[in-house]
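So the structure is just underneath, and the comments pick up after that.
Note on naming: letters A, B, ... go to the chains in the order of the sequence lines (proteins, then strands), and numbering restarts at 1 for each one. Computation of the quantities below employed the complete heavy-atom set of this structure, encompassing side-chain atoms and omitting hydrogens, waters and symmetry-equivalent molecules.
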Number of protein chains: 2
Amino acid sequence: MDSGGGTIQTRATRKRRKMQRVTMMDVAKLAQVSPSTVSLYLRKPDAVSPAAGQDIARAIDTLGYVPNLVAGGLAAASSRVVSIIVPSIRNAFFAETVSTLQSALAAEGLQVLLGHSEYGEGQEEALVRTALSWAPAAVVLTGLNHSPETRKLLKASRVPVVEMWEIGGEPIDMAVGFSHPQVGASAAGHLLSKGRRNLVFLGARMDEDRRAAQRASGFAEAGKGGGAPICEIINHPGAATVEAGALLLNRALQQAPDLDGIACSNDLIALGVLFECQRRGIAIPERVALIGFGDLDFSTSCVPSLTTIRPSGDLIGKEVARLILARIQEPHAEDARRVIDTSHVLIERRST
Amino acid sequence: MDSGGGTIQTRATRKRRKMQRVTMMDVAKLAQVSPSTVSLYLRKPDAVSPAAGQDIARAIDTLGYVPNLVAGGLAAASSRVVSIIVPSIRNAFFAETVSTLQSALAAEGLQVLLGHSEYGEGQEEALVRTALSWAPAAVVLTGLNHSPETRKLLKASRVPVVEMWEIGGEPIDMAVGFSHPQVGASAAGHLLSKGRRNLVFLGARMDEDRRAAQRASGFAEAGKGGGAPICEIINHPGAATVEAGALLLNRALQQAPDLDGIACSNDLIALGVLFECQRRGIAIPERVALIGFGDLDFSTSCVPSLTTIRPSGDLIGKEVARLILARIQEPHAEDARRVIDTSHVLIERRST
DNA sequence: CAATTTCATCGTAGCGCTATGATGAATGAA
DNA sequence: TTCATTCATCATAGCGCTACGATGAAATTG
């Protein structure tokens with residue numbers, strides 16, 4: 001086994017700087033069991049005898065052993081990591097979902113590897129590629145709109161994939177979310193039911209944010225179907241911020257001075273509209289009814305309080321976690337429900 | 001080398017289900033080079049000849065090879081992962097920092113492993129423990145307040161550690177942030193300079209959020225030092241939300257009916273105060289001057305616009321990334337500046 | 001032209017762990 | 001008692017990659 005002349009390198013000349021890390025082997029030695037038993041204890045504590053378990057626990061404690069999940073992941077051909085890719089973590093919607101999801105996964109010993117694509121499809125593909133490099137237990141993406149290459153990569157990897165915050169198309173694997181056109185339709189329906197006929201939808205960055213665009217077109221369709229003589233969509237090229245809301249209101253009033261109902265693609269925009277109305281003395285809801293989307297923090301408290309549509313970002317997070325955990329525990333239950341509709345709720349407040 | 005009788009297991013009986021994963025070996029074979037060369041090409045493309053590089057690139061493309069970073073991390077004894085632990089990702093401050101940090105790290109091929117501690121010290125220790133299990137390239141924590149055990153773990157690991165969003169104590173390794181008492185003092189100073197004397201500081205969850213508590217005490221000290229006859233701190237036990245702001249204002253008016261200056265530990269609370277004032281017809285800034293903290297999205301747009309203190313969450317993210325990258329590239333430049341003060345800026349608007 | 005240095009490339013030994021099946025003792029059934 | 005079954009524990013072979021030093025050819029020097 002040793003020897004080997006000729007071109008074979010002599011083994012004495014080489015030596016990797018042996019890390020002085022505490023390994024499972026050290027624990028095993030101290031506890032006087034084999035490494036396998038330590039490994040077993042760590043993964044399934046009930047499978048080893050109580051006596052051995054105690055010895056091992058004591059040894060771990062004494063040595064301050066920290067398991068190396070990288071090695072474990074390599075050996076097990078799958079790491080306990082779930083890779084989540086969202087357009088932007090600054091967005092309160094996704095922050096909520098990620099937060100919930102993270103808690104649910106952490107409870108089962110899964111870590112979260114986070115990426116944000118900033119709404120770029122090419123960016124996303126690169127992120128998916130690195131995500132897969134970690135042999136993740138699952139990959140979570142936002143929306144159903146991905147490049148063919150991304151879909152191919154993910155399908156080939158055989159890793160569980162959940163697409164969230166959108167349903168209505170063909171998912172790569174599983175999907176949790178709601179229908180954005182329906183949200184738009186609900187908003188329009190609500191304004192129509194309040195007797196409003198001159199409607200405007202205000203959105204931002206809708207060329208990139210496909211889901212906002214879907215809400216807009218759902219709104220327009222329902223508005224026209226409901227007999228609204230005016231039903232415009234106005235887009236702001238920048239991000240969906242409060243400031244954008246003010247700008248959008250002004251543009252809207254120019255284009256349609258008689259408007260009496262406004263839906264926004266986002267509560268932040270609605271808040272901007274609300275402030276601009278305060279500034280200009282436009283009465284809400286008397287002169288203009290206002291409905292947002294997101295049910296953010298401030299929506300109950302603002303003056304007047306904001307009618308909005310709640311997408312339940314936390315529920316989405318919870319359901320995504322449930323699907324992932326189910327798939328990990330039962331990899332072959334492929335017949336399980338793969339698409340979950342978390343629906344949306346319209347919350348009527350004072351602004352309509 | 002083979003054979004081996006007695007208790008030695010025969011090798012034919014065992015066979016790990018060889019994954020049909022495309023490995024570096026496959027790429028090497030197709031490109032007719034050794035695996036070492038492929039590895040070298042992937043890490044330092046300039047170190048291989050252009051001809052070989054092209055062959056390898058073509059082979060990678062043909063096979064759809066995705067490198068296994070888990071294996072790489074194990075071999076290199078350090079993964080290209082930076083572990084970030086924040087109290088809450090829902091908090092806009094941290095979302096901003098994490099977002100910036102993530103972009104900066106991604107540009108250098110580093111991934112982000114995210115954890116949130118929900119302001120629990122025990123929670124944090126568990127998170128640090130799992131974080132270290134990934135042999136991360138660096139660990140980023142929030143604040144300087146950590147359990148002794150956490151500090152010990154991190155120091156023993158010899159992993160670069162950055163504590164962010166707070167300076168003024170002894171960091172474990174490096175720190176990027178600003179002084180919270182100074183922020184409180186600035187707020188008090190500003191209100192005093194506007195002739196306000198009956199001051200109140202409104203905060204939430206200050207038993208857990210030590211940094212908010214520091215802002216409060218900095219405020220109280222400066223207020224008293226500046227001769228304010230009234231200078232109270234009022235705490236809300238729940239989260240720092242817009243709704244909490246309204247509740248806090250009402251409590252404040254009960255405790256100190258004559259108050260004429262309010263500082264809030266957070267712009268969200270300030271926004272709640274602002275709305276409650278609108279509701280109750282309290283004129284800002286005439287009757288009460290209001291200053292927040294955070295310079296969130298809405299602060300420019302609200303009515304009246306909000307005087308606030310900007311902590312520069314994105315700058316913190318950038319500086320943290322810089323420190324980490326410097327340390328990774330030059331692990332022994334231990335003499336480098338370890339504490340960076342990103343300072344704060346008071347932005348005067350209409351509310352004071 | 002020999003001696004030295006550079007350069008691209010290569011072969012191999014781990015990195016620390018888990019999966020697999022083996023082993024032998026203890027237990028139950030026949 | 002004898003054989004089958006359960007149970008806790010173990011030995012070993014990789015998982016896919018990178019670091020290390022080796023190798024031989026080409027370029028440079030004396």
Rounded off to whole Å, could you give me the CG-to-C1' distance for the A:L69 and C:dC15 pair?
15 Å
What is the distance, rounded to the nearest whole Å, between atom CG of B:N68 and atom P of C:dC15?
18 Å
For D:dA19, take OP1 and OP2 only and decide whether either is under 4.0 Å from a side-chain N or O of B:R43.
yes
If I take atom CD from residue B:E125 and atom OG from residue B:S117, how far apart are they, to the nearest 0.5 angstrom?
12.5 Å
Of the listed nucleotides (D:dT9, C:dT18, C:dG16), which one gets closest to any side-chain atom of A:L74?
C:dG16
Enumerate donor-acceptor pairs with a distance under 3.5 Å from any side-chain N or O in residues 315-326 of chain B to protein atoms, sequence neighbours excluded.
| unit_1 | atom_1 | unit_2 | atom_2 | d |
| --- | --- | --- | --- | --- |
| B:E319 | OE1 | B:R322 | NE | 3.2 |
| B:E319 | OE1 | B:R322 | NH2 | 2.7 |

Please state whether the phosphate of D:dC10, meaning OP1 or OP2, lies under 4.0 angstrom from any side-chain nitrogen or oxygen of A:S34.
yes
Touch check for B:L40, heavy atoms < 4.0 angstrom, all strands: base, sugar-phosphate only, or nothing?
base
Atom pairs and distances, donor-acceptor, side-chain atoms in residues 78-85 of chain B, under 3.5 Å, two or more places apart:
| unit_1 | atom_1 | unit_2 | atom_2 | d |
| --- | --- | --- | --- | --- |
| B:S79 | OG | B:W134 | O | 2.7 |
| B:S79 | OG | B:A135 | O | 3.0 |
| B:R80 | NH2 | B:E108 | O | 2.7 |

Between C1' of D:dA8 and NZ of A:K44, the distance in whole Å
14 Å
State whether the side chain of A:N91 and the backbone N or O of A:S88 hold a donor-acceptor pair below 3.5 Å, judged by distance alone.
no
Is it true that B:T150 and B:S147 share a donor-acceptor pair across their side chains at a distance under 3.5 Å?
yes
Evaluate whether atom CD of A:Q32 has more than 12 neighbouring non-hydrogen atoms of other residues, nucleotides or ligands under 6.0 angstrom away.
no
Whole angstrom is fine here: how far is it from CZ in B:R80 over to P in D:dC17?
16 Å
Return no unless some side-chain N or O of B:T23 is found under 4.0 Å from OP1 or OP2 of D:dG16.
no
Does anything in residues 48-59 of chain A reach DNA chain C, meaning a heavy atom under 4.0 Å, and if so which residues?
none
Determine the contact category for A:V33: base if any of its heavy atoms lies under 4.0 Å from a base atom, sugar-phosphate if only primed atoms, P, OP1 or OP2 are that close, otherwise nothing.
sugar-phosphate
Which atom pairs, donor and acceptor, lie under 3.5 Å between side-chain atoms of residues 43-51 of chain A and protein residues at least two apart or in another chain?
| unit_1 | atom_1 | unit_2 | atom_2 | d |
| --- | --- | --- | --- | --- |
| A:R43 | NE | A:S39 | O | 3.3 |
| A:R43 | NE | A:S39 | OG | 3.1 |
| A:R43 | NH2 | A:S39 | OG | 2.9 |
| A:S49 | OG | A:A52 | N | 3.3 |

In whole angstrom, what separates B:Q32's CD from C:dT9's P?
13 Å
Can you tell me if B:S39 touches the phosphate of D:dC17, counting only side-chain N or O atoms and a distance under 4.0 Å to OP1 or OP2?
no
Using a cut-off of less than 4.0 Å, is there contact between a side-chain N or O of A:Y41 and OP1 or OP2 of D:dC10?
no
Starting at atom CG of A:L42, determine the distance to atom P of C:dG16, rounded to an integer number of angstrom.
16 Å
Between A:D26 and A:R21, does the salt bridge (Lys or Arg N to Asp or Glu O under 4.0 Å) criterion hold? Intermediate values first, please.
CA-CA 9 Å; A:D26 300 319; A:R21 203 186 208 289; over 6 Å; no
Return the angle between end axes of the helix from C:dC1-D:dG30 to C:dA30-D:dT1, with five pairs used per end and rounding to 10°.
30°
Rounded to whole Å, how long is the line connecting atom CE of A:M25 with atom C1' of D:dT12?
11 Å
NZ-CD1 distance between B:K155 and B:I172, expressed to the nearest 0.5 angstrom:
7.0 Å
A:D26 CG to C:dC17 P, in whole Å, measures 9 Å
Would you give me the side-chain donor-acceptor pairs under 3.5 Å for residues 57-64 of chain B, sequence neighbours excluded?
| unit_1 | atom_1 | unit_2 | atom_2 | d |
| --- | --- | --- | --- | --- |
| B:T62 | OG1 | B:R58 | O | 2.7 |

